[in-house]
Amino acid sequence: MLTKNKLYSRNDVEVIGFEECKEKEVNDLMLKKGLLALTFKGKHYVFMPVGLEMLQFAFDYEGLKQLVNTVINCTQVPFKYFEWNSLLLLNVSFSEDGLQEFAVYKKDDQTEKYYKFESYTISWMTEDRLSSLLVSADHSPIHQIEGLAGGIPLREWNGPGSHIFNFEQFKNFKKEFSEFISTY
């Protein structure tokens, strides 16, 4: 029904039947990021206001909550990955028995690469904290994100701990992971 990053007029959204989200938890998280949560048929959708009359569709809230619930409450095998909007989360834990650590990458369509910019110890996070971090990172333009060393733009940083791979490498990784998980 909605297309990611497509612009909609407020009137069109109202005609479809979207209304203001009344859930405090959803609104609090989105307002901090300058986003607008609207509800349609009981589901929450998040938009980015563009001017007074236009809204850009960003993501559905339930998809975010499902991802966060899965990575926090279910132990993942090593190298399990999750794609969400412009982010890639890759489990870099040594086993499913210890702390769950995820490398976080930003997808850059311009260079056709994924850039690692953070590492999250998911085992120590609340769902609200992880949701907030993901929304913030997803809505930060790549040129505003710094590499792990700090102070250096992500696209330019390739020091210790940097990890950059292109779309083709990720496609190959997904194929290899699929074979790995079938025998794990």
Side-chain angles (χ1 to χ4, degrees), residues 1-8 30 33-35 45-48 50 55-72 74-96 99-123 125 129-184:
M1 173 169 53
L2 294 172
T3 304
K4 185 170 172 17
N5 294 328
K6 181 177 178 185
L7 287 176
Y8 295 88
M30 296 309 132
K33 308 302 176 199
L35 301 170
Y45 299 86
V46 179
F47 294 84
M48 181 181 304
V50 180
L55 299 172
Q56 183 177 6
F57 177 60
F59 60 89
D60 73 282
Y61 185 75
E62 278 73 17
L64 169 66
K65 291 308 275 185
Q66 182 180 4
L67 168 66
V68 167
N69 182 301
T70 298
V71 297
I72 286 184
C74 303
T75 302
Q76 305 301 319
V77 299
F79 306 111
K80 174 71 175 159
Y81 64 91
F82 298 91
E83 295 176 88
W84 183 73
N85 288 351
S86 67
L87 301 179
L88 169 66
L89 282 75
L90 176 64
N91 186 345
V92 293
S93 307
F94 293 114
S95 77
E96 63 273 12
L99 292 173
Q100 296 290 287
E101 186 81 21
F102 281 79
V104 186
Y105 295 81
K106 182 79 169 177
K107 181 179 181 180
D108 184 6
D109 289 321
Q110 185 178 344
T111 63
E112 296 187 354
K113 292 180 181 174
Y114 292 88
Y115 296 87
K116 180 180 174 184
F117 68 93
E118 188 60 83
S119 184
Y120 296 155
T121 304
I122 301 292
S123 304
M125 286 194 186
R129 177 70 177 141
L130 181 56
S131 294
S132 181
L133 288 170
L134 294 177
V135 168
S136 182
D138 181 52
H139 284 85
S140 295
I142 196 160
H143 66 273
Q144 291 180 354
I145 298 176
E146 296 178 350
L148 291 173
I152 302 170
L154 192 57
R155 286 181 180 152
E156 298 170 20
W157 186 69
N158 61 359
S162 70
H163 192 219
I164 301 167
F165 54 94
N166 63 40
F167 289 3
E168 186 66 28
Q169 289 170 316
F170 183 56
K171 181 179 163 186
N172 292 336
F173 169 81
K174 291 196 296 189
K175 182 180 178 225
E176 290 175 18
F177 179 78
S178 151
E179 293 168 7
F180 164 76
I181 199 67
S182 68
T183 61
Y184 188 78

CD/E62: more than 12 non-hydrogen atoms of other groups inside 6.0 Å: yes

Side chains of [X] and [Y] in contact at under 4.5 Å (non-hydrogen atoms):
| X | Y | result |
| --- | --- | --- |
| V46 | L64 | no |
| N166 | E112 | no |
| P153 | H143 | no |
| F117 | L87 | yes |

Taking all heavy atoms of [X] and all of [Y], pick out the closest pair and write down the distance.
| X | Y | result |
| --- | --- | --- |
| F167 | K107 | CZ-CE, 3.6 Å |
| Y45 | L2 | CD2-CD1, 3.9 Å |
| S86 | D138 | OG-OD1, 2.6 Å |
| N91 | V77 | ND2-O, 3.1 Å |
| L7 | Q56 | CD2-CB, 3.8 Å |
| F47 | L55 | CD2-CB, 3.8 Å |

Residues Q100, V71; criterion side-chain contact (heavy atoms from CB on, under 4.5 Å); working and verdict: CA-CA 8 Å; Q100 296 290 287; V71 297; over 6 Å; no

Backbone N/O of E179 and side chain of S182: donor-acceptor pair under 3.5 Å: yes

Output the distance between atom [atom1] ([X]) and atom [atom2] ([Y]), rounded to the nearest 0.5 Å.
| X | Y | atom1 | atom2 | value |
| --- | --- | --- | --- | --- |
| L89 | L134 | CG | CG | 5.5 Å |
| I145 | S136 | CD1 | OG | 8.5 Å |
| D60 | Q66 | CG | CD | 9.0 Å |
| N85 | N5 | CG | CG | 8.0 Å |
| S131 | L67 | OG | CG | 8.5 Å |
| K106 | E118 | NZ | CD | 13.0 Å |

Residues that K174 engages under salt bridge (Lys or Arg N to Asp or Glu O under 4.0 Å), provided they are two or more places apart: E83

All salt bridge (Lys or Arg N to Asp or Glu O under 4.0 Å) counterparts of D108, not counting sequence neighbours: R155

Non-neighbouring partners of Y114 that pass side-chain hydrogen bond (donor to acceptor under 3.5 Å, both in side chains), sequence neighbours left out: none

Who are the ring pair (Phe, Tyr, Trp, His ring centres under 6.0 Å) partners of [X], not counting sequence neighbours?
| X | value |
| --- | --- |
| Y105 | H163, F165 |
| F59 | W84, H139 |
| Y81 | F170, F173, F177 |

Stepwise side-chain contact (heavy atoms from CB on, under 4.5 Å) check, Y61 with M30: CA-CA 10 Å; Y61 185 75; M30 296 309 132; 3.8 Å; yes

Quiz item: cation-pi between K80 and F180, 6.0 Å / 45°: no

Donor-acceptor pair between Q76 and S93 side chains, under 3.5 angstrom: no

